[in-house]
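Both ligands and their constituent atoms are indexed starting at 1 by order of listing.
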Amino acid sequence: MQSILVTGGAGFLGSHLCDRLLEAGHDVLCVDNFFTGSKQNIRHLLSNPHFELMRHDVTFPLYVEVARIYNLACPASPIHYQHDPVQTTKTSVHGAINMLGLAKRVKARILQASTSEVYGDPEMHPQTEDYWGRVNPIGPRSCYDEGKRCAETLFFDYHRQHRLEVKVARIFNTYGPRMHPNDGRVVSNFIVQALRGQDLTIYGDGQQTRSFCYVDDLIGGLLKLMDTPADFAGPVNIGNPCEFTMLQLAELVLKLVGGKSKLAFAPLPQDDPRQRRPDISVAQDMLQWQPRVSLEDGLQETIAYFRATLAA
Ligand code: NAD
Ligand code: UDP
Ligand code: UDP
């Protein structure tokens, strides 16, 4: 049993991670400023004596005593991270410095929730960890992409310079219950639109691809990465290699939800990556991990969640 800090613990992924760490018998300190996260996501944990919630912004120093740190604090959807882009970069960069400084002081192992966005709009397909990426440094997505790239730099420099035990996970598109209904991500948008009988908004021609990982699989990957030997820092792609076009996703959601929604085409946002699929060989070799939940099964769970939430 360990004392574990989860930053961004009231968010979509963070709240599932808190659940799993508590189930495994750990003490969890959840730190969040509730920018995109919600108390609703962790309400069921508030009475658990092994769970502690702290409202705090990771761009400011944090002095606590913990054995491990999962650094997830950062808005993840384009609508949210572009709402206050300067704060997004601060969260990634100052947040990483503070959490690395904390890890250094208390000699904690620390995991960074990085992203497939470090590959930008990739020319290499599928993406392997040794691909350096194609990122626009001055576009609307840059606050997130470059912030996360700089955070990776900091993690590897603290590893080399201060011998810190770090783990860097490059997370690909993940979906599931507790996604924010209004955060504009494609899975939540399509499901909410279909449940409300509205048309599904396809940006561009819908031929761009993404590879969607169900949240339970993803969290399993993060837990395994944290437990790898001390000298293994990654980075490791964690995601589901099954690739779909947005048109295929829309058709699947329509089939599963039913109803009368149609497709409505809208302009493609600037710098929107054309394709994305993880090569997960490193995760398979080093973590003995691979996703198990199919898109159809995961969507069923997510649809059930949104059905209940929208009805409430
Ligand atoms: P989310 O927006 O639901 O969660 C992020 C959490 O961080 C929220 O609870 C938010 O309130 C909190 N937060 C934001 N800024 C903060 C700050 N300055 N101080 C303290 N807390 C702060 O997003 P998510 O999907 O759960 O993403 C979690 C992490 O995983 C993020 O770092 C994200 O970049 C990464 N990630 C997610 C995906 C995905 O598909 N969901 C893909 C790649 C990477
Ligand atoms: N820090 C923190 N908690 C700690 C230790 C450090 O938040 O327990 C922050 C502090 O703001 C510091 C940053 O982490 O500036 C980086 O710490 P480090 O020791 O690497 O460098 P410093 O700036 O202290 O020389
Ligand atoms: N997208 C879409 N309709 C929507 C929301 C998103 O067609 O209502 C597209 C978006 O342009 C992108 C893909 O779906 O090509 C995934 O978008 P999301 O914001 O979920 O994730 P990211 O672009 O960060 O991978």
Determine, considering heavy atoms only, which of [options] sits nearest to [atom].
{"atom": "atom 44 (C) of ligand 1", "options": "Ser114, Ala113, Cys30", "value": "Ser114"}
{"atom": "atom 2 (O) of ligand 1", "options": "Leu72, Thr115, Asn71, Thr36", "value": "Thr36"}
{"atom": "atom 1 (N) of ligand 3", "options": "Phe265, Phe212, Phe172, Tyr203", "value": "Tyr203"}
{"atom": "atom 5 (C) of ligand 1", "options": "Cys74, Gly14, Pro75, Ala10", "value": "Cys74"}

Notebook entry, point to check: Does Gln87 approach ligand 1 within less than 4.0 angstrom via side chain, backbone, both or neither, non-hydrogen atoms only?
Noted result: side chain
Margin query: For His56, which part has a heavy atom under 4.0 Å from ligand 1: side chain, backbone, both, or neither?
Written below: backbone
Next item on the list: Run the numbers for me: atoms of ligand 2, each under 4.0 Å from some heavy atom of Pro61, listed by number.
Entry: 7 (O), 11 (O)
[X]: numbered ligand 1 atoms lying under 4.0 Å from its heavy atoms:
{"X": "Asn173", "value": "40 (O)"}
{"X": "Gly37", "value": "8 (C), 9 (O), 10 (C), 11 (O)"}
{"X": "Phe34", "value": "11 (O)"}
{"X": "Lys148", "value": "31 (C), 32 (O), 33 (C), 34 (O)"}
{"X": "Gly8", "value": "6 (C), 7 (O), 9 (O), 12 (C)"}

For [atom], what's the nearest protein heavy-atom neighbour? Residue, atom name and distance, please.
{"atom": "atom 17 (O) of ligand 2", "value": "Gly101 CA, 3.3 Å"}
{"atom": "atom 34 (O) of ligand 1", "value": "Tyr144 OH, 2.5 Å"}
{"atom": "atom 10 (C) of ligand 2", "value": "Asn98 OD1, 3.8 Å"}

Considering both backbone and side-chain atoms of [X], is one of its nitrogen or oxygen atoms within less than 3.5 Å of a nitrogen or oxygen in ligand 1?
{"X": "Thr59", "result": "no"}
{"X": "Ser116", "result": "no"}
{"X": "Gly11", "result": "yes"}

Checklist line | Qualifying residue, where the test is salt bridge (charged side-chain N to carboxylate O under 4.0 Å, His left out) with Glu117 and the options are Arg141, Lys148, Arg210 | finding: Arg141
Margin query: Check the orientation of Phe172 and Tyr119. Use parallel for under 30°, tilted for 30 to 60°, and perpendicular for over 60°.
Written below: tilted
Check: Does the protein place any heavy atom closer than 4.0 Å to atom 22 (P) of ligand 2?
Finding: no
Notebook entry, point to check: Quick one: does ligand 2 sit under 4.0 Å from the side chain of His162, the backbone, both or neither, non-hydrogen atoms only?
Noted result: neither
Notebook entry, point to check: Heavy atom of Phe60 under 4.0 Å from ligand 2?
Noted result: no
